[in-house]
Amino acid sequence: MAEISFELYNNTLVQQLVGEADTHLKLIETLLGVEIGTFGNQITIKGSDAAVSQAKNAIDILYHKLSKGIAVSTEEVKAAVRMSDGDAQKIDDKNLNDIVLKTKKRHIYPRSATQALYIQEMMKNELVFGLGPAGTGKTYLAVALAVSMMLEGKIDKIILSRPAVEAGENLGFLPGDLKDKVDPYLRPLYDALYEMLPAEQVDKKLALGEIEIAPLAFMRGRTLSNAFVILDEAQNTTPMQMKMFLTRLGENSRMVVNGDLSQVDLPRGTISGLRDSLDTLKDIPNISSVRFSAADVVRHGLVAKIVKAYEEKSKKIYGDE
């Protein structure tokens with residue numbers, strides 16, 4: 001058993017940090033299996049060496065955020081615990097707590113060490129692959145960075161795309177024209193945009209072509225310059241589709257390719273373009289891949305447990321991805 005005691009000096013921030021009836025500290029106790037006591041501004045943590053160290057780091061993260069005017073909620077506490085594990089220390093260059101993506105409607109912060117790494121890799125590299133299960137923020141953070149770069153004048157256009165794989169449903173029986181048929185596949189991309197920009201700005205930029213949301217097939221024959229290009233659900237591309245998409249990259253552009261190799265909806269026996277591209281491009285510089293896991297899921301806590309259960313089952317049947 002280890003024990004540390006330390007003092008925080010701003011009374012107001014300490015009150016916000018511990019939460020009403022110490023709810024924030026109790027949540028850290030539950031998540032990490034430690035005991036946390038307070039006496040005035042002094043905090044004492046007891047538990048295993050690793051857990052005490054992580055709890056101290058989590059409290060430091062929360063105090064740092066409060067000192068910068070960022071409100072602390074239950075979700076922020078959970079994020080601080082994720083950010084304070086050993087993997088967080090592997091992130092280079094910046095203080096993790098100072099990574100922020102600024103959009104018109106909100107400031108967006110990484111909620112796990114992998115999310116922080118992902119943001120850094122997208123900032124540094126022209127092509128980034130985001131791999132892992134749903135709920136880890138792959139698409140959301142990519143859209144946030146794209147919006148932030150557009151607002152800063154670093155790019156002229158945002159292009160968001162998905163392959164319209166039917167996954168057992170038949171598009172032909174859906175009512176309406178082509179746009180009506182494919183929009184349901186693209187809805188998550190619209191949702192992310194509307195969370196970051198006022199609705200009237202999204203609609204105006206869509207009308208002007210400054211933001212484009214389209215099925216993957218619409219990318220053929222184009223060169224995409226001065227743009228931030230995001231391909232979502234990339235596990236559902238064929239190798240030829242992926243090659244077509246990747247070779248659209250133009251001057252002063254960035255590409256982010258996201259997917260979950262455990263949820264391929266292609267016909268049986270068809271090779272995933274995402275899997276093929278990872279193998280084909282692995283030795284090329286300025287291309288990065290970031291792998292998320294169940295530990296990075298930022299949705300309902302039960303979702304992380306569901307994802308982890310499927311990951312463990314997949315490893316037993318197919319081996320580690």
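Everything numeric in this text was worked out from a predicted model, so none of it was measured. FYI, side chains are in, hydrogens and waters are out, and symmetry mates aren't considered; it's all heavy atoms of this structure.
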Legend entry - Heavy-atom side-chain contact between D203 and Y194 under 4.5 Å: yes

Legend entry - Side chains of L101 and M149 in contact at under 4.5 Å (non-hydrogen atoms): no

Inset, instruction - For residues L189 and L193, determine if any side-chain heavy atom of one lies less than 4.5 Å from a side-chain heavy atom of the other. - result: no

Legend entry - Six-ring centre of F228, K157 cation under 6.0 angstrom, axis tolerance 45°: no

Legend entry - Nearest atoms (heavy-atom pairs only) where A58 meets S84: N-CB, 3.5 Å

Inset, instruction - For residues E233 and Q235, determine if any side-chain heavy atom of one lies less than 4.5 Å from a side-chain heavy atom of the other. - result: yes

Inset, instruction - State which residues pass salt bridge (charged side-chain N to carboxylate O under 4.0 Å, His left out) with K104; sequence neighbours excluded, sorted by chain then number. - result: none

Inset, instruction - Decide yes or no on side-chain contact (heavy atoms from CB on, under 4.5 Å) for T237 and V257, but give the supporting numbers first. - result: CA-CA 11 Å; T237 62; V257 177; over 6 Å; no

Legend entry - Distance-only donor-acceptor check, side chains N258 and D232, under 3.5 Å: no

Legend entry - Close side-chain approach of I59 to I28, heavy-atom, < 4.5 Å: yes

Inset, instruction - May I ask whether F129 and I271 are part of the same hydrophobic cluster, defined by side-chain heavy atoms of I, L, V, M, F, W, Y residues being less than 4.5 angstrom apart, directly or through others? - result: no

Inset, instruction - Would you mind reporting whether I43 and I45 have side-chain heavy atoms less than 4.5 Å apart? - result: yes

Inset, instruction - Go through the steps to decide whether D279 and R275 satisfy the test salt bridge (charged side-chain N to carboxylate O under 4.0 Å, His left out), and finish with yes or no. - result: CA-CA 7 Å; D279 181 60; R275 186 185 300 279; over 6 Å; no

Inset, instruction - May I ask you to check if K65 and Y109 form a cation-pi contact, with NZ or CZ under 6.0 angstrom from the six-membered ring centre and within 45° of the axis? - result: yes

Legend entry - Stepwise salt bridge (charged side-chain N to carboxylate O under 4.0 Å, His left out) check, K26 with E29: CA-CA 5 Å; K26 290 176 181 176; E29 287 180 325; over 6 Å; no

Inset, instruction - Applying side-chain contact (heavy atoms from CB on, under 4.5 Å), run through V143 and I158 and close with a yes or a no. - result: CA-CA 9 Å; V143 173; I158 298 173; over 6 Å; no

Legend entry - Gap separating the NE2 atom of H107 from the NZ atom of K68, nearest 0.5 angstrom: 10.5 Å

Inset, instruction - Would you kindly confirm whether F292 and I99 end up in one hydrophobic cluster when ILVMFWY residues are joined by side chain heavy atoms under 4.5 Å apart? - result: yes

Legend entry - Closest approach of V264 to S272 (non-hydrogen atoms, all atoms of both residues): CG2-CB, 4.4 Å

Inset, instruction - Report the distance from atom CE of M244 to atom OG1 of T238, rounding to the nearest 0.5 Å. - result: 8.5 Å

Inset, instruction - Starting at CG of L145, measure out to NZ of K102 and round the result to the nearest 0.5 Å. - result: 13.5 Å

Legend entry - Short side-chain donor-acceptor distance under 3.5 Å, Y140 and E195: yes

Inset, instruction - Spell out, yes or no, whether Y9 and L66 are grouped together once hydrophobic residues are joined by side-chain heavy atoms under 4.5 Å, including indirect joins. - result: no

Legend entry - Within-4.5 Å side-chain heavy-atom neighbours: R82 and Q54: no

Inset, instruction - Indicate the atoms forming the closest heavy-atom contact of S225 with G250, along with that distance. - result: OG-CA, 3.8 Å

Inset, instruction - May I ask you to check whether S112 and D296 show a side-chain donor-acceptor distance below 3.5 Å? - result: yes

Legend entry - Rounded distance (nearest 0.5 Å) linking atom OG1 of T139 with atom CZ of R162: 6.5 Å

Inset, instruction - Verify the cluster assignment for L231 and V229: are they in a single hydrophobic cluster under the rule of side-chain heavy atoms below 4.5 Å apart? - result: yes

Legend entry - NZ/NE/NH1/NH2 to OD/OE distance under 4.0 Å, R254 and E126: no

Legend entry - Reported CZ-to-NZ distance for the pair R248 and K243, which is rounded to 0.5 angstrom: 10.0 Å

Legend entry - Contacts of type salt bridge (charged side-chain N to carboxylate O under 4.0 Å, His left out), residue K205, not counting sequence neighbours: E210

Legend entry - Hydrophobic cluster (4.5 angstrom, side-chain heavy atoms) - remaining members for L208: none

Inset, instruction - Rounded to the nearest 0.5 Å, what's the gap from CD1 on I287 to CG on L278? Could you check? - result: 10.0 Å

Inset, instruction - State whether the number of non-hydrogen atoms from other residues, nucleotides or ligands found under 6.0 Å of E251 atom CD is greater than 12. - result: no

Inset, instruction - Tell me whether I61 is reachable from L31 by hopping between hydrophobic residues (I, L, V, M, F, W, Y) whose side-chain heavy atoms are closer than 4.5 Å. - result: no

Inset, instruction - May I ask you to check whether over 12 heavy atoms, not counting those of E152, lie within 6.0 Å of atom CD? - result: yes

Legend entry - From CA spacing to verdict: side-chain contact (heavy atoms from CB on, under 4.5 Å), S148, L151: CA-CA 5 Å; S148 177; L151 294 175; 5.9 Å; no

Legend entry - Main-chain N/O of T44 paired to S5 side chain as donor or acceptor, under 3.5 Å: no

Inset, instruction - For V297 and A134, work out which heavy atoms get closest and say how close. - result: CG2-O, 3.9 Å

Inset, instruction - Indicate yes or no: at least one non-hydrogen side-chain atom of L246 is less than 4.5 angstrom from one of L281. - result: yes

Inset, instruction - Without swapping roles, check the side chain of S253 against the backbone of L249 for a donor-acceptor pair under 3.5 Å. - result: no

Inset, instruction - Starting from the C-alpha separation in whole Å, work towards a yes-or-no answer on side-chain contact (heavy atoms from CB on, under 4.5 Å) for E212 and M219. - result: CA-CA 11 Å; E212 182 179 346; M219 299 296 106; 4.0 Å; yes

Inset, instruction - Could you tell me which non-hydrogen atom of T136 sits nearest to which non-hydrogen atom of S293, and how far apart they are? - result: CG2-O, 3.6 Å

Legend entry - A144 versus I108, closest heavy-atom pair with distance: CB-CD1, 3.5 Å

Legend entry - Backbone N/O of V18 and side chain of D22: donor-acceptor pair under 3.5 Å: no

